[in-house]
Amino acid sequence: MHNTVTKKLHEFPPPSKHPEVTIYLCGLTTYDYAHLGNMRGPILFDVFRKFLVEIGYRVKFITNFTDVDDKVIQRAKETDADYSQLARKFTREYLLDLTALGIEHADLYPKVSYHIQDIIDYVKVIIDNGYAYESNGNIYFDVPKFHADKGTYGKLSRRNIDEMVTECRIEADENKHDQLDFALWKADSENGWESPWGKGRPGWHIECSLMSTKYLGTSFDIHSGAIDLKFPHHENEVAQAEAHSGTGTFAQVWMHYEFVNWKGGKLAKSGESFAVRDLFEKYDVETIRQFILSAKYRSPIDFSDERMEEVKKSRARIDNFFFEVRRQLGESIEESRHNLINKLGNPHEKKNMSDAELKVFSEVESFAEKFLDDLCDDFNTQGALSRVFEIVNPANTLINAPDLSDTGREIANLAYLEILWAGSILGLFNDERDELMQITAANKVLGIGGIVSDSKGEAEKLLEERQKLKGEKKYKEADAVRDKIIELGFEVRDTPDGPVLKPVE
RNA sequence: GGCGACGUGGCCAAGUGGUAAGGCAGAGGUUUGCAAAACCUUCAUCACCGGUUCGACUCCGGUCGUCGCCUCCA
């Protein structure tokens with residue numbers, strides 16, 4: 001894993017941590033619908049967790065909700081709403097989006113509003129330790145003092161504190177001793193809670209220090225968030241946690257992912273943006289997930305309809321392979337990868353394979369290792385994804401061969417199962433049984449009723465008609481019938497075994 | 001001004017000190033009544049300039065360019 005602090009790759013998780021790893025991801029401020037950028041973290045960590053579990057770890061994954069915040073309060077004022085209700089609404093909506101995207105729930109979603117007393121206690125300790133002071137009902141973190149004692153402020157974001165004072169754009173505040181100081185607690189008579197310093201509410205950074213360490217311990221394995229949180233948010237979290245615990249061990253690894261950009265700039269709720277759920281109408285959730293996974297997490301990724309169409313098309317190749325495997329194997333499809341690997345992998349079986357079969361088999365056989373190796377390499381999802389396409393080609397060659405043998409059929413079957421297995425980690429490549437459920441999940445978010453018309457029966461009738469016309473060599477008429485079938489949402493494929501219908505997305 | 005990331009074929013995107021995965025698009029071909037699907041073939045010397053090295057796209061320095069953060073933006 002790449003660590004932001006060292007800018008180097010480190011072995012992760014450290015062997016001493018086996019078998020449990022602890023992860024904290026900075027979550028969402030709940031004042032609006034989530035946009036696609038907000039989903040990069042959750043999608044990445046959904047895959048990362050599944051991957052860690054696959055290679056034998058137990059994962060404790062926590063991501064928070066910032067439901068007490070300037071932005072929430074401001075939005076509530078603008079819309080004349082109660083701010084805690086507003087926060088609850090968007091928390092709920094966000095969870096629906098996560099579900100629609102097939103993202104496994106975190107182990108815990110702590111909210112700021114449930115941790116006010118904890119935060120007050122936490123701030124007290126920092127004050128007692130001498131790293132914070134009170135000023136007109138506000139509590140500020142004393143950055144210069146902390147830095148003088150520990151010398152670590154700016155370590156994460158590689159900032160020089162002396163230069164920051166002259167160059168930074170933080171506005172001077174009468175209450176602060178120093179420009180760099182930041183609020184741990186803000187006086188707020190209107191939306192505040194009682195505290196030893198009067199009515200107020202937590203500053204932004206304190207919640208994450210408190211909630212991460214409360215549930216994961218003073219020192220935990222990964223702290224993650226988008227790149228823009230590196231400074232000041234994460235830098236301040238480190239300072240708070242160290243000022244609180246007195247030790248220099250907060251997160252072992254800092255993992256920052258890049259932005260999702262759109263039209264040359266970043267997606268942001270404050271700028272031009274769109275809600276992720278708006279995409280559900282146009283793209284199925286796997287397309288969205290595959291798009292996010294199609295670049296490394298440390299690179300920015302540009303969203304556009306063109307990109308999404310490309311993803312969709314590439315995905316269609318896999319679907320077509322699945323379709324062909326299911327069509328040809330039908331009932332005889334073997335469900336266990338291990339059975340097939342054991343059977344096909346024994347020397348006797350190998351001896352009877354043709355050269356072509358042997359070649360494909362060895363590629364399929366080594367797939368899983370390559371796939372996991374890529375993910376092991378700083379979570380290279382794009383590399384892992386490309387492995388899937390690497391076995392689709394040879395497997396397609398096999399299954400479409402006119403002289404397909406039983407062995408060849410089994411090898412193709414194995415390739416199919418390997419891809420399903422990879423998909424279970426990536427949250428992709430569900431076969432048709434699950435497709436309907438996902439559509440339903442997305443539709444629930446959109447409030448669309450799940451009406452599925454029975455067009456298949458009709459299409460089948462038309463297909464028979466087309467066959468008859470073809471037999472009479474009335475090709476024009478046959479093509480017209482085919483057009484009708486396409487209108488019903490099916491493709492017609494003429495296979496050596498006769499025509500078949502394939503539902504179009 | 002400070003800090004950070006990045007610049008790989010028409011587009012997107014991995015990767016590596018020893019001559020560049022994968023996807024999309026393009027061209028040609030096999031198959032097909034046609035189409036669809038599939039397969040085969042074909043398409044780059046890695047922004048530029050220096051340096052280190054037997055050898056660099058990969059390491060170092062510089063130049064140019066793009067983007068982000070420094071504003072409670074994921």
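Letters A, B, ... are given to chains in the order of the sequence lines, protein chains preceding strands, and every chain is numbered from 1.
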Report task. If a protein heavy atom is under 4.0 Å from the base, mark B; if only from the sugar-phosphate, S; if neither, -; do that for nucleotides 32-41 of chain B going 5' to 3'. Result -> -BBBBSSSS-

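Nucleotide B:G1 holds its C1' atom 13 Å from the CG atom of A:Asn160, rounded to whole Å. A straight line from CD1 of A:Ile227 to P of B:A74 spans 15 Å, rounded to a whole angstrom. Note: CZ (A:Phe231) to P (B:C69) measures 14 Å, nearest angstrom. A:Met308 has its CE atom 15 Å from the P atom of B:A13, to the nearest Å. A:Leu229 has its CG atom 8 Å from the P atom of B:C73, to the nearest Å. When rounded to the nearest whole Å, the span between OH of A:Tyr153 and P of B:G2 equals 20 Å. When rounded to the nearest whole Å, the span between CD of A:Glu258 and P of B:U66 equals 17 Å.
A salt bridge between A:Asp284 and A:Lys312 is absent, with no side-chain N of the basic residue lying under 4.0 Å from a carboxylate O of the acidic one. A salt bridge links A:Arg315 and A:Asp319; the closest N-O separation between the charged side-chain nitrogens and carboxylate oxygens is under 4.0 Å.
Comparing A:Glu309 and A:Arg298 by the nucleotide of RNA chain B that holds the closest heavy atom to each, the one mapping nearer the 5' end is A:Arg298. Each of A:Gly41 and A:Leu385 has a nearest nucleotide on RNA chain B; the 5'-most of these lies closest to A:Leu385.
Closest to the side chain of A:Arg307, from the set B:A74, B:C12, B:G23, is B:C12.
Pairing for B:G55 is absent, judged as Watson-Crick or G-U wobble with the two contacts each under 3.5 Å.
Within 4.0 Å (heavy atoms only), A:Phe259 reaches at least one base atom of the nucleic acid. Within 4.0 Å (heavy atoms only), A:Val260 reaches at least one base atom of the nucleic acid. Contacts of A:Asn380 with the nucleic acid, taken as non-hydrogen atoms under 4.0 Å apart, involve only primed sugar atoms and P, OP1 or OP2. Within the nucleic acid shown, A:Ser314 comes within 4.0 Å of sugar-phosphate atoms alone, with no base atom in reach, counting heavy atoms only.
Taking the six-membered ring for Trp and the full ring otherwise, the centers of A:Phe291 and A:Tyr283 sit at least 6.0 Å from each other. For an aromatic pair to be called close, the ring centres must be under 6.0 Å apart, and A:Phe220 with A:Phe250 satisfies this.
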Query raised in the report: Would A:Arg307 and A:Glu309 satisfy salt bridge (Lys or Arg N to Asp or Glu O under 4.0 Å), going step by step from the backbone distance to the final call?
Result: CA-CA 5 Å; A:Arg307 281 290 87 72; A:Glu309 289 303 324; over 6 Å; no

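A cation-pi contact links A:Arg159 to A:Phe231, judged by a cut-off of 6.0 Å to the six-membered ring centre and 45° from its axis.
Looking at A:Glu390, its side chain has no donor and acceptor atom pair within 3.5 Å of the base of B:G22. A donor-acceptor contact under 3.5 Å is not formed by the side chain of A:Lys230 with the base of B:C69.
Taking the C1' atom of each, B:G17 and B:U45 are spaced 15 Å apart, rounded to whole Å. Separating the C1' atom of B:U58 from that of B:U52 is a span of 14 Å, rounded to the nearest Å.
Side-chain polar atoms of A:Ser113 and A:Asp67 form a donor-acceptor pair below 3.5 angstrom. Judged purely by distance below 3.5 Å, without hydrogens or angles, the side chains of A:Tyr24 and A:Asn64 pair a donor atom with an acceptor atom.
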